[in-house]
Amino acid sequence: MTNKKQIAVLAGDYIGPEIMSAGLKVLEAVSKNNQFDYEINAVPFGGAAIDETGNPLPDSTLEACKNSDAVLLAAVGGPKWDHAVKRPEQGLLEIRKELNLFANIRPTVISSATQEYSPIKITDPVDFVIVRELTSGIYFEQPREKTSTMAIDTMRYTSEEIERVATVAFEMASHRRNHVTLVDKANVLATSTFWREITEGVAKNYPNVKYDTSYVDAASMKIISSPAQFDVILTENLFGDILSDEAAQITGSLGTIPSMSKGKTGPALYEPIHGSAPDIAGKGIADPISMIKSVAMMLENSFDREDMAMQINQAVDETYKKGILTPDLGDSSSTDEVTNSIVKFIQESSEDYVTNNVR
């Protein structure tokens, strides 16, 4: 029986394999001298799996994910499969359902090293996370109908669905800065009023966590005008989809943002928030930072290795300081050059640690 951590790897399509290769290269570098033993199980997913099996989520891939300690996903989809019977994106919905990944967590961090790349003026450090409900709400509920003269989508939430994702948000806040902001539209929507009722009940279990609320239109303005005020933003599926992309953009590029999707039990799934970028695939200029930060997020949250995650994030900051960045951030460095810079800093910092701790 092996003690190695089992990591399922879903490289996906177009730039997916390129950035996954970068992420795994960094994982290999940071694992050396850190006593972290792992085993990679690379399995097809998305368009690549359609080409191989006709299914974006083959049974063998799902089984591999269920039997893993964590899942790393790069990006899926693209024009090649626009007319497929089952599109690659359907695999995403299916894997979230099968792994019961009801909470999506997206961090927004703007450090001193990255402030100049933000399109807004940043004077205070920014470090907040958006906890988005992922498997219910208007994207999934019935009835759903469209005719030539009308269309209908249904927004529906149960108390259990709200309570479980609210608990994730309050647990995260209790290990951060003890502040949860529920974002809703309670002045208009009955579902938002219900979210407030259920979340207030959860908040009573966390007396040390400050709890407040904000309408979604006000929250969207505050993310631009004063993002440092937020710690943990809790919201439903639709609002979370919109706000998390807005929050990502204030960092300077969608290509730098990781995410985690988790349930109550089983492996969490880690992935960049961006798509497969068919227009730059094969050009060697895809930004690997989001995938590399997804690896860091995995190490911290699935394997309790905050030390290794910190080492990766410091290496990313050093690469920013050196200006070794891909075109999305205004430089002309390649995917490999950015990755190699991060790896080099990790290797050098590891060597310093070993040297300074030899007895």
Side-chain angles (χ1 to χ4, degrees), residues 73 75-77 87-97 99-108 128-146 150-170 172-173 180-200 202 211-224 227 230-251 254 257-263 269 271-275:
L73 167 64
V76 297
R87 290 168 59 95
E89 293 80 3
Q90 287 179 261
L92 284 173
L93 297 179
E94 289 175 10
I95 198 169
R96 289 169 182 169
K97 180 180 178 181
L99 298 181
N100 197 25
L101 305 175
F102 59 81
N104 180 251
I105 297 155
R106 290 190 182 185
T108 297
F128 66 88
V129 295
I130 295 177
V131 178
R132 165 192 172 192
E133 199 288 321
L134 195 60
T135 57
S136 191
I138 202 166
Y139 290 169
F140 294 95
E141 296 302 328
Q142 300 293 333
R144 180 185 302 270
E145 184 182 352
K146 179 182 177 296
M150 61 82 68
I152 183 171
D153 293 294
T154 299
M155 172 85 84
R156 176 182 179 273
Y157 273 105
T158 67
S159 57
E160 180 186 4
E161 289 169 337
I162 298 169
E163 184 176 328
R164 65 186 185 180
V165 72
T167 299
V168 169
F170 278 88
M172 288 200 73
V180 171
T181 301
L182 172 65
V183 172
D184 60 29
K185 196 62 178 171
N187 56 336
V188 176
L189 301 176
T191 47
S192 287
T193 302
F194 189 52
W195 266 80
R196 290 199 178 192
E197 293 172 359
I198 301 304
T199 304
E200 284 173 7
V202 175
Y211 166 62
D212 54 24
T213 62
S214 176
Y215 294 144
V216 63
D217 42 356
S220 67
M221 290 186 288
K222 292 173 185 174
I223 286 174
I224 298 298
F230 293 112
D231 179 21
V232 175
I233 293 174
L234 166 66
T235 192
E236 56 85 37
N237 207 341
L238 175 62
F239 298 155
D241 190 358
I242 297 166
L243 291 180
S244 57
D245 276 2
E246 179 194 18
Q249 192 58 48
I250 70 169
T251 67
L254 294 178
I257 309 299
S259 73
M260 170 175 69
S261 299
K262 63 174 292 185
L269 184 149
E271 60 177 320
I273 69 166
H274 59 72

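What you see below is based on every heavy atom in this structure, not just the backbone, and it leaves out hydrogens, waters and symmetry mates.
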So salt bridge (charged side-chain N to carboxylate O under 4.0 Å, His left out) across residues 185-195, not counting sequence neighbours, yields K185-D217
Could you go through the side chain to side chain contact (heavy atoms under 4.5 Å, CB included) check for I223 and I233 one step at a time?
CA-CA 11 Å; I223 286 174; I233 293 174; 4.3 Å; yes
_Donor-acceptor contact present, side-chain T213 to main-chain L182, <3.5 Å_ = no
query: Is the backbone N or O of E197 less than 3.5 Å from a side-chain atom of E200, with the two atoms forming a donor-acceptor pair by type?
result: no
The reported gap from CG in L254 to CD1 in I257 (rounded to nearest 0.5 angstrom) is 7.5 Å
Could you check whether any side-chain heavy atom of [X] comes within less than 4.5 Å of a side-chain heavy atom of [Y], counting everything from C-beta outward?
X	Y	result
T167	R164	no
D241	Y139	yes
I138	N237	no
Y211	V202	no
S244	I273	no
V168	F102	yes
T108	P227	no
T135	E133	yes

Looking only at heavy atoms, which two atoms of [X] and [Y] are closest? And how far apart?
X	Y	result
L238	E236	N-OE1, 3.1 Å
V131	I105	CG2-CG1, 4.2 Å
A186	R196	CB-NE, 3.4 Å
V180	A169	CG2-O, 3.8 Å
L101	G263	CD2-N, 4.0 Å
S214	A219	OG-N, 3.5 Å

Taken in chain and number order and not counting sequence neighbours, the residues that satisfy side-chain contact (heavy atoms from CB on, under 4.5 Å) with T191 are M155, L189
Applying side chain to side chain contact (heavy atoms under 4.5 Å, CB included) to F170 and T199, what does each step give before you reach the verdict? CA-CA 10 Å; F170 278 88; T199 304; 3.9 Å; yes
Taken in chain and number order and not counting sequence neighbours, the residues that satisfy ring pair (Phe, Tyr, Trp, His ring centres under 6.0 Å) with F194 are none
